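Below: one structure, written as structure tokens.
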There are 2 protein chains.
Amino acid sequence: MPTPDNGPAQGAVDLISNLRQLNGTFAAREQKVADFVSAHLEEISGMTIAELAGAVGVSTPTVVRFCRSMGCDGFREFKLRLAQNLAVSLQYLAPSHRDVSEGGAGAVDQVLGALYATVNVMRQQIVPERMDAAVQALTEAGQIVVAGVGGGSTMVAQEAANRMFRLGIPAVAVSDSYLLQMRAATLGTNDVLLLVSTSGAADEVVSAAGIAGGYGATVVAITRPGSRLAQEATIAIEADLPEDPDILKPTASRYAHLVIVDALAMSVAQARSEATTENLRRIRASLTAYHGRTGPQPLGD
Amino acid sequence: MPTPDNGPAQGAVDLISNLRQLNGTFAAREQKVADFVSAHLEEISGMTIAELAGAVGVSTPTVVRFCRSMGCDGFREFKLRLAQNLAVSLQYLAPSHRDVSEGGAGAVDQVLGALYATVNVMRQQIVPERMDAAVQALTEAGQIVVAGVGGGSTMVAQEAANRMFRLGIPAVAVSDSYLLQMRAATLGTNDVLLLVSTSGAADEVVSAAGIAGGYGATVVAITRPGSRLAQEATIAIEADLPEDPDILKPTASRYAHLVIVDALAMSVAQARSEATTENLRRIRASLTAYHGRTGPQPLGD
DNA sequence: CTGAATATGTACCTCAATTACAAAACGGGG
DNA sequence: CCCCGTTTTGTAATTGAGGTACATATTCAG
């Protein structure tokens, strides 16, 4: 994992998400600091520790301790990482307050803001073991059926099928509900049903998951934690994503799902290429054993 | 635009570009500092002024003077702004060095790294006027035909068509080459042909652009700057995106294109809803003029 | 109600950043 | 070639920020 072992102060983990997540677990005065920081994110990096302590009404060591609680080495590092985090996800701070209608690049910034926010939240929730399990199931799959419900998810499903298919694994995307049930029923052991659903509550996917699972297929679901689909799935890749209430905005969760699909596809590609290499090695080894030569073989690779 | 009118010290000006630009105009020893900073961008923000001065072989005031020459208030501000500038394009610097095969969340981080890098580069290149022009053309379009070539682009095209269609504008996505030429030929003034192509060199899209343009349709192209397609298009939304040479990795430019499409769709949605509101206002105004009442109208909105 | 554990503040210390000033290098006339 | 003004650079001192040790207050279990 690159995140932990990156340089220090390199802002690997998203401080702001971290802050939200730890909210409530702080000691009383530290919580006051947290509140102030949340409310004045942008100003912090220009403040001295004394100014901040003064503004909050606590002593400077409390501020230092707060920084430590946040996983930083001290106030210095905290300021730096906060500044870096803000530079990347600046737009996220005031998603709805800003005036979209200013035109030009304003809309792009809005979309980017939602994208950053969603994707950062998603990253935090990824369970590596689940990913590994999903990759293994997909790598060894005889065939894969992908389905998604809701506007964005169908696109993601389509893309997932495309990518898997390119890796030489028979894969189809299904968007029709009835067809999905039928496809699900044709799956057996070693096959994978990959379902994408933000809510995880739609009857069609839940029922498809049940059917496929009943026939021994592995059901991989990208969905909301604890949803019906998550419970029904063999491997649940869960992400609870914030949705912007503004209906004009596109659902940013599409991006998060796409990232997961891309990551899965990339890992599968890698696993398969390694398997291929391993096969080649075996072929070569057996050839060597057969005619006793150890030099480079003209055939076999 | 959020970037310029943010608080102070918020890294409004790009320090790194500034550094390149001022290169050569520095006094001798300051130039040495500049060289060192250029070569060790990432480490600087973790260094003390004494360490930096020592590493370069100059005195600390020289470093301070260098910072002043760069337009900063002192070394502190310089470090901070540099860190912010770097945070935005950090991942782009060492994309392939990372080890993918570690499994787990490693793949997700890789995809995210490519995503951030691509999307930030794209954001930098967006020309607001082009976006506005595209939005206007799309808003007033009688019908829209969308097409994309290459694996990722078809998905983007599909999505664009879906979103525009939901806004009540007749829109279709075409992936078949011949069909595209035919569709292009049916377009007229007020219609829009939206083309998505990373390279902008594929004959099919260039020819389609020519045909549609010949019949008076507006051709909006999301593509590489200076490409054949960009030249042929009425409105070219240009982005020169870095592609990772690793073929196992997904093409991150899809994300950038999707963001552009989302931004366009959102702006169009807004423009249309404003048009609707404007229409309502006119109706109400005329009604008011008609029977002279100024109180709230039961009808009209 | 008491004592341990935890939370918070006071006072001090260290060291980083900055400034003031002096020395050195440079450059153009006499 | 030397002198004087300007610019560049370094030394030493100053300021103040960040961090630490320890004392005090608070909380909660028994």
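Note that the structure is predicted; figures quoted are calculated from it, not measured. Residue numbers begin at 1 in each chain, while the letters A, B, ... track the order of the sequences.
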Sorted by chain and residue number, the side chain to side chain donor-acceptor pair (under 3.5 Å) partners of B/Asp240 (sequence neighbours excluded) come out as B/Arg224

Rounded to whole Å, the CZ-C1' distance (B/Phe75 to D/dG16) equals 17 Å

- request: Have a look at B/Ser59 and say if it touches a base, only the backbone sugar-phosphate, or nothing, with a 4.0 Å heavy-atom cut-off.
  value: base

Of the candidates C/dG9, D/dT9, C/dT18, the side chain of B/Arg76 sits closest to C/dT18

So, with a heavy-atom separation below 4.0 Å from DNA chain D, the residues of residues 62-74 of chain B are B/Thr62, B/Arg65

A/Ser199 meets the side-chain contact (heavy atoms from CB on, under 4.5 Å) criterion, sequence neighbours left out, with A/Ser197, A/Ala201

Rounded to whole Å, CD1 of A/Ile49 lies from C1' of D/dG18 at a distance of 6 Å

B/Leu80 CG to C/dA17 P, in whole Å, measures 12 Å

Testing D/dG19, C/dT8, D/dA21 for proximity to the side chain of A/Glu30, the answer is C/dT8

Are B/Phe78 and B/Phe66, when compared by the centres of their aromatic rings, separated by less than 6.0 Å? yes

From CG of A/Leu52 across to C1' of D/dG19 the rounded distance in Å is 15 Å

Sorted by chain and number, sequence neighbours left out, side-chain contact (heavy atoms from CB on, under 4.5 Å) with A/Gln231 holds for none

Residues pairing under salt bridge (charged side-chain N to carboxylate O under 4.0 Å, His left out) where one sits in residues 51-65 of chain A, two or more places apart or in two chains, turn out to be none

Checking D/dA12, D/dT9, C/dG9 against the side chain of A/Val58 (C-beta onward), the nearest is C/dG9

Rounded to whole Å, the CD-C1' distance (A/Glu77 to D/dG19) equals 14 Å

When B/Arg29 and B/Thr60 are each assigned the nearest nucleotide of DNA chain D, the 5'-most assignment goes to B/Arg29

Hits for salt bridge (charged side-chain N to carboxylate O under 4.0 Å, His left out) against B/Glu238, two or more places apart or cross-chain, chain-then-number order -> B/Arg130

Do A/Asp35 and A/Gln31 pair up side chain to side chain, a donor and an acceptor below 3.5 Å, judged on atom types alone? yes

- Would you say B/Lys79 reaches C/dA17's phosphate, i.e. side-chain N/O to OP1/OP2 under 4.0 Å? yes

